[in-house]
Amino acid sequence: MSGDCIAAGDESSRPNKQGLWLYAMAFPMVRADRAATVREDLHTLRPVGTDFLHFYDLPQKTRLSVARDAGQLDWEAALVVVQLTHPRGQERSRRRILANALPKLGHVEHVTTVLLESRARSDKHDRRTIDRLRGSLSIADALTVEHVDKTAEPLCWLADLIVGAFVANEAGGDPDPWHALDEARPLEVTWLPHDRP
């Protein structure tokens, strides 16, 4: 990808059809010079009376139309990283997903800024992971990673929509939004090895 890019990151998790816990994060990438327009356009997809766009808060009958509309916005591609785990293994899966995704975003996709949805006190776990990745030179100091309030950062809404659609497809019951997004933009899915208790 050429030019400076911004990626946003959000998570979703659900038990899958086999009873394992599916934990995933999506990282859509937007060229920095187009980010303001994409943010404005995402506001038009937000349901009236809500502070932000959230896949699982959308009525099932409107998820497909929102996914189709989001697929037409001016973003480049998305990386989805997923691991099967157990209910108490989600934080460990998140560490492994970040350790997989951040180097790729920085070194391969030339992302300069990653915006992660803030999880308040749990952000400290991400900061430790990021510090460890910097210390091992897995990510460059030039890669900025920030935690942001989801209500204030529409690019996180796009990440939520993508990861929510992915998990709904994999966990069963609602495959159409994922297929609409996958047809509209390049979506690269990386499955990490199963994290067994």
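What you see is a predicted model; the values in this text were computed from it and never measured.
- To the nearest 0.5 Å, atoms OG1 (Thr190) and NZ (Lys104) are separated by 5.0 Å.
- Using a 3.5 Å distance cut-off with no hydrogens or angles, the side chains of Asp123 and Ser118 do pair a donor with an acceptor.
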Exercise for review: Run the numbers on Asp51 and Arg46 for salt bridge (charged side-chain N to carboxylate O under 4.0 Å, His left out), then give the verdict.
Suggested key: CA-CA 8 Å; Asp51 292 330; Arg46 180 173 47 99; 5.5 Å; no
Got a list of side-chain donor-acceptor pairs under 3.5 Å for residues 178-185, not counting sequence neighbours?
residue: Arg185; atom: NE; partner: Trp75; partner atom: O; Å: 2.7
residue: Arg185; atom: NH1; partner: Gly71; partner atom: O; Å: 3.4
residue: Arg185; atom: NH2; partner: Leu73; partner atom: O; Å: 2.6

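- Looking at residues two or more places apart in sequence or on another chain, you find no salt bridge (charged side-chain N to carboxylate O under 4.0 Å, His left out) involving Asp41.
- For the salt bridge (charged side-chain N to carboxylate O under 4.0 Å, His left out) test, no residue two or more places apart in sequence or in another chain qualifies with Glu40.
- A ring pair (Phe, Tyr, Trp, His ring centres under 6.0 Å) check over residues 17-44, counting only residues at least two apart or in different chains, returns the pairs His43-Trp157.
- In this structure, Ser138 contributes its side chain and Arg134 its backbone to no donor-acceptor pair below 3.5 Å.
- Not one N or O on the side chain of Arg31 forms a donor-acceptor pair closer than 3.5 Å with the backbone of Ala35.
- With Thr112 contributing its side chain and Asp4 its backbone, the two residues share no donor-acceptor pair below 3.5 Å.
- A side chain to side chain contact (heavy atoms under 4.5 Å, CB included) with Leu105 is found for one member of Val111, Leu143, Thr113 and no other, namely Val111.
- Classified by interplanar angle (parallel below 30°, tilted 30° to 60°, perpendicular above 60°), the ring pair Phe52/His54 is perpendicular.
- Val163 and Leu64 are assigned to two separate hydrophobic clusters, defined by single-linkage of ILVMFWY side chains at heavy-atom distances under 4.5 Å.
- Between the side chain of Asp74 and the main chain of Val38, no donor-acceptor pair closer than 3.5 Å is present.
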Point to revise | salt bridge (charged side-chain N to carboxylate O under 4.0 Å, His left out) between Arg94 and Glu11, intermediate numbers included | key: CA-CA 8 Å; Arg94 184 180 176 97; Glu11 66 182 356; 3.0 Å; yes
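- Partners of Glu91 according to the salt bridge (charged side-chain N to carboxylate O under 4.0 Å, His left out) rule, which considers only residues two or more places apart in sequence or in another chain, are Arg119.
- In summary, of the residues considered (His147, Glu117, Arg39, Glu146), a side chain to side chain contact (heavy atoms under 4.5 Å, CB included) with Glu153 occurs for Arg39 alone.
- Val114 places none of its side-chain heavy atoms less than 4.5 Å from the side chain of Thr144.
- For the atom pair Ile139 CD1 and Asp131 CG, the distance stands at 8.5 Å (nearest 0.5 Å).
- With Thr62 contributing its side chain and Leu58 its backbone, the two residues share no donor-acceptor pair below 3.5 Å.
- Residues satisfying the salt bridge (charged side-chain N to carboxylate O under 4.0 Å, His left out) test with Glu170, not counting sequence neighbours, are none.
- Here CZ of Arg68 is found 8.0 Å from OG of Ser65. Values are rounded to the nearest 0.5 Å.
- The two atoms that bring Met29 and Leu79 nearest to each other are CE-N, 4.0 Å, heavy atoms only.
- Rounded to the nearest 0.5 angstrom, Leu22 CG and Ser13 OG are separated by 8.0 Å.
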